[in-house]
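Side chains are part of it too, since the values below use all heavy atoms of this structure and drop only hydrogens, waters and symmetry mates. Just so you know, ligand 1 is whichever comes first in the structure, and atom 1 is the first atom listed for that ligand.
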Amino acid sequence: MFKVHAIAPHRLPSLLKAMPKAELHIHIEGSLEPELIFALAKRNGLSLPYANVEALRGAYAFSNLQSFLDVYYAGASVLLHEQDFYDMAMAYFEKAAADHVVRAELFFDPQTHTARGVGMGVVIEGLHRACLDAQTQWGISADLILCFLRHLSEADAIATLEEALPWRDQFIGVGLDSSELGHPPEKFARVFDRARGLGLHVVAHAGEEGPPAYIWSALDTLKVERIDHGVQAIHDAPLMKRLADTQMPLTVCPLSNLKLCVFTQLSDHNLGQMLEAGLCVTINSDDPAYFGGYLNDNYLQTFAALHLGGQHAYKLAANSIQASFATEEKKHAWMHELKQCFQGFSEQD
Ligand code: ADE
Ligand code: ZN
């Protein structure tokens, strides 16, 4: 076990920023800032139902997941060309590099785009080209995870997966997102079977707003390798034990949970309790352009609200690296970097 020395509270913010970390739950369409939405609308000759950037940003007041999704899908409608997808992802990577993200696994929602007549190749090739350039420009290792929209049918998800297969080598897994309530994981049992058969990684949103039963179903029916969100597990003791015993990673998104009213205030968030219970928790940004913060903002605000310290920082960063789908060789190198980073900080005290 790596020994984390006490970190002076005033040095915690710089440590949180400097430590190498992975981001495992970021919807790339949720990184579209209002400025870029307006720039892309102009470039593509589209008009928006908002007068300007400020008016659009002013509309970002959400009462639950669905109220956010309505705005999020409207924002994504400015994406038409390969270059648009590339520019969106590169803008995210630039921010991620500043937060010392060494590994990013990007969710994307192809059905949002193919339903508007945008080709699957346009979406995947633009995003994939950005992933390659993130490695050369910032040394960020990045891969794509194709998400199915759970408010649509399983038949639509199956057709989407088949349509994406010519680009099978440009994404590493599948996920499940969009409106959770009323759309349990088992609705997608067959398409997840097919994805696993293709050797794809599998993850799913579960227990963001939905009940613990959805987390059980994601584990047992979809056989996921990570749970996205999972914060509702706290209401089910046997589930908490299972998650701890199996060290099933949870990609928790504190600022998202706050903005979508899953918790009333950040100090009510259960991330600290889940860490205490021995769960493999990670911190992520979800849709940073809409929720008021990128990865480091999530760490900073959560640490301040929950009074977390150096040990927690090490654990969360280590969990993010270990729970990623990168090669063991890369994980080993980042764990070494993480230890060096903490050693550097403790020596300065
Ligand atoms: N799509 C984008 N953000 C999402 C979230 N937080 N939950 C479900 N689907 C999403
Ligand atoms: Zn999400």
Side-chain angles (χ1 to χ4, degrees), residues 22-33 37 60-77 79 85 88-89 92 96 104-113 115 123 127 144-152 156-157 160 173-185 187-188 201-211 214-215 217-218 222 224-233 249-263 266 269 271 281-295 297-298 320 323:
E23 172 137 73
L24 307 178
H25 186 158
I26 155 85
H27 301 263
I28 199 60
E29 293 92 344
S31 74
L32 255 186
E33 291 287 346
I37 290 180
Y60 294 179
F62 312 115
S63 52
N64 56 25
L65 175 57
Q66 192 59 52
S67 64
F68 153 69
L69 289 171
D70 296 340
V71 177
Y72 161 86
Y73 293 128
S77 68
L79 297 159
F85 290 89
M88 169 174 68
Y92 163 71
E105 297 179 5
L106 272 49
F107 292 148
F108 69 107
D109 290 338
Q111 288 154 297
T112 302
H113 314 299
V123 179
L127 296 176
L144 300 173
I145 296 179
L146 182 161
C147 287
F148 305 118
L149 299 181
R150 68 200 306 157
H151 66 273
L152 301 178
D156 206 313
T160 299
V174 300
L176 185 63
D177 65 4
S178 191
S179 322
E180 186 181 13
L181 289 168
H183 302 285
K187 176 178 165 187
F188 296 92
H201 288 291
V202 289
V203 299
H205 283 53
E208 177 183 14
E209 287 184 341
Y214 284 21
I215 304 176
S217 172
L222 303 187
V224 294
E225 298 164 78
R226 295 194 302 242
I227 294 284
D228 296 314
H229 292 292
V231 292
Q232 301 303 333
L250 302 188
T251 63
V252 177
C253 308
L255 288 181
S256 162
N257 295 152
L258 178 66
K259 292 289 153 60
L260 301 188
C261 307
V262 175
F263 297 95
L266 209 46
H269 201 287
L271 180 140
V281 177
T282 65
I283 288 188
N284 306 271
S285 71
D286 207 7
D287 300 283
Y290 293 91
F291 300 149
Y294 285 77
L295 189 53
D297 303 306
N298 273 272
S320 76

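- Taking the six-membered ring for Trp and thresholds of 30 and 60 degrees, Y290 and Y72 have ring planes more than 60 degrees apart, a perpendicular arrangement.
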Steps toward side-chain contact (heavy atoms from CB on, under 4.5 Å) verdict (L69, F62): CA-CA 9 Å; L69 289 171; F62 312 115; over 6 Å; no
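- Of the heavy atoms in F68, only side-chain atoms (C-beta onward) come closer than 4.0 Å to ligand 1.
- Within the 4.5 Å cutoff, no side-chain heavy atoms of Y294 are placed close to those of I26.
- Heavy-atom contacts of D287 reach the following atoms of ligand 1: 2 (C), 3 (N), 4 (C), 6 (N) (cutoff under 4.0 Å).
- A pairwise comparison of heavy atoms in S256 and E208 identifies OG-OE2, 4.2 Å as the closest pair.
- The minimum heavy-atom distance between D228 and F107, with the atom names listed, is OD2-CZ, 3.4 Å.
- Nearest approach of L181 to P211, heavy atoms of both residues: CD2-CD, 4.4 Å.
- Contacts with ligand 1 closer than 4.0 Å are made by side-chain heavy atoms of L65 only, the backbone lying farther away.
- Of the candidates T282, D286, D177, N284, H25 forms a side chain to side chain donor-acceptor pair (under 3.5 Å) with just one, namely D286.
- Here the heavy atom of the protein found nearest to atom 7 (N) of ligand 1 is E208 OE1, 2.7 Å.
- For H229, every heavy-atom contact with ligand 1 shorter than 4.0 Å involves the side chain, none the backbone.
- Closest protein heavy atom to atom 4 (C) of ligand 1: H27 NE2, 3.6 Å.
- The number of protein N, O or S atoms lying under 2.8 Å from the Zn ion (ligand 2) is 4.
- Of the protein's non-hydrogen atoms, D286 OD2, 2.7 Å is the one closest to atom 6 (N) of ligand 1.
- Within the listing of ligand 1, atoms 1 (N), 10 (C) sit less than 4.0 angstrom from a heavy atom of L69.
- The two residues H151 and S178 have their closest heavy-atom pair at ND1-OG, 2.7 Å.
- Atom 9 (N) of ligand 1 has as its closest protein heavy atom S178 N, 2.8 Å.
- Counting all heavy atoms, side chain and backbone alike, A218 lies closest to I227 at CB-CD1, 3.8 Å.
- The minimum heavy-atom distance between A76 and L32, with the atom names listed, is CA-CD1, 4.2 Å.
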